[in-house]
Amino acid sequence: MADPPSTDSDTELENNSNLNPNPNFNPDALIPSNPSSPPLVCLVRFAGDSAAGAFMGSIFGYGSGLIKKKGFKGSFAEAGSSAKTFAVLSGVHSLVVCFLKKMRGKDDVINAGVAGCCTGLALSFPGAPQALLQSCLTFGAFSFIIEGLNKQQPAMALPLSARIKMRHFSVLPPLALPLPDEFKESFSFFCESIKKK
């Protein structure tokens, strides 16, 4: 008995039967690996930021109550009120920023502005429409401006060689400004009193 002739093309067809005509196509990319992951991440972040905000708010409120001389027991009511406000403030802001980042795919000042507006709405919710609109605009504008300032490029420090070159041109180092005339007399009196001792 003779074995049937085996050609190389038959084995190639068996080995390559699972190949796609498009080598860049990945069928697993169509199915999300964990569809509940983004909301879960945002909810965990919301819980953590709310807890941190409540903690900081309680410290702030307790200190505020002590400054207002409400006593130790009276400061607890102030601490609870501030804890609630700070928890809502930080929790709602982080939740909205997280969801917008996931939906838009960007982390920019618009997300912060919308999150600030939502935070303002949450803080003044059982209020009149004018108060809701005012707090939305105020918190939104504040968050937009602060985030814009935070997103700016930091200034680069001058390298040592540039600093050495600046000394040759007799440029004043930063914050080496002359004293105003009204301070000169006081400063010289201070210096002389130190020398005497």
Side-chain angles (χ1 to χ4, degrees), residues 18-157:
N18 293 332
L19 289 179
N20 275 333
N22 184 357
N24 295 330
F25 177 74
N26 183 4
D28 295 332
L30 296 176
I31 303 168
S33 61
N34 190 357
S36 65
S37 177
L40 183 63
V41 168
C42 291
L43 291 176
V44 168
R45 188 171 292 162
F46 165 75
D49 287 347
S50 293
F55 178 71
M56 289 304 297
S58 64
I59 291 172
F60 178 79
Y62 192 73
S64 176
L66 289 176
I67 289 173
K68 292 178 184 176
K69 300 188 183 209
K70 291 186 175 182
F72 288 111
K73 290 183 181 179
S75 297
F76 283 117
E78 190 95 16
S81 175
S82 292
K84 183 187 86 154
T85 302
F86 276 65
V88 169
L89 185 84
S90 60
V92 170
H93 194 273
S94 70
L95 181 70
V96 174
V97 165
C98 183
F99 276 134
L100 287 175
K101 195 185 304 182
K102 299 287 184 192
M103 285 177 21
R104 296 181 66 227
K106 296 179 182 177
D107 184 21
D108 57 0
V109 295
I110 294 173
N111 291 355
V114 173
C117 177
C118 293
T119 302
L121 290 173
L123 285 175
S124 64
F125 174 65
Q130 184 179 3
L132 291 170
L133 180 64
Q134 182 181 3
S135 65
C136 171
L137 289 175
T138 304
F139 274 92
F142 181 74
S143 296
F144 184 87
I145 291 169
I146 294 299
E147 189 70 21
L149 292 174
N150 283 339
K151 294 281 182 188
Q152 288 180 351
Q153 282 286 355
M156 298 282 291

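Among pairs with a residue in residues 124-149, those fulfilling salt bridge (Lys or Arg N to Asp or Glu O under 4.0 Å) read Glu147-Lys151, at least two apart in sequence or across chains. Residue pairs meeting the salt bridge (Lys or Arg N to Asp or Glu O under 4.0 Å) criterion with at least one member in residues 111-136: none, sequence neighbours excluded. Sorted by first and then second residue, the pairs that involve residues 56-87 and meet ring pair (Phe, Tyr, Trp, His ring centres under 6.0 Å), not counting sequence neighbours, are Phe60-Phe86, Tyr62-Phe76. Pairs engaging residues 112-124 under the side chain to side chain donor-acceptor pair (under 3.5 Å) rule: Ser124-Ser135 [sequence neighbours left out]. Judged as a side chain to side chain donor-acceptor pair (under 3.5 Å), the pairs with a partner in residues 39-55 (not counting sequence neighbours) are, in order, Asp49-Ser94.
When the disulfide bond (SG atoms under 2.5 Å apart) test is applied to Cys118, no partner is found at least two apart in sequence or on another chain. For Ser58, there are no side chain to side chain donor-acceptor pair (under 3.5 Å) partners at least two apart in sequence or on another chain. Not counting sequence neighbours, the partners of Ile145 by the side-chain contact (heavy atoms from CB on, under 4.5 Å) test are Leu149. Residues satisfying the side chain to side chain donor-acceptor pair (under 3.5 Å) criterion with Lys68, sequence neighbours excluded, are Glu78. Taking Ser82 as the reference, nothing meets the side chain to side chain donor-acceptor pair (under 3.5 Å) condition, with sequence neighbours excluded. Considering only residues two or more places apart in sequence or on other chains, Phe55 meets the ring pair (Phe, Tyr, Trp, His ring centres under 6.0 Å) condition with none of them. Residues meeting the side chain to side chain donor-acceptor pair (under 3.5 Å) test with Arg104, sequence neighbours left out: Asp108, Asn111.
Taking NZ of Lys102 as the reference point, atom CG of Asp107 lies at 10.5 Å (rounded to 0.5 Å). For the atom pair NE2 (His93) and SG (Cys98), the distance works out to 12.5 Å, reported to the nearest 0.5 Å. Note that the CG atom of Leu95 and the OG atom of Ser90 stand 11.0 Å from one another [nearest 0.5 Å].
Here the shortest heavy-atom pairing between Ala122 and Val92 reads CB-CG2, 4.1 Å. Smallest separation of non-hydrogen atoms from Leu123 and Phe139: CD1-CZ, 3.5 Å.
At distances below 3.5 Å, not a single donor-acceptor pair connects side-chain atoms of Ser81 with backbone N or O atoms of Ala77.
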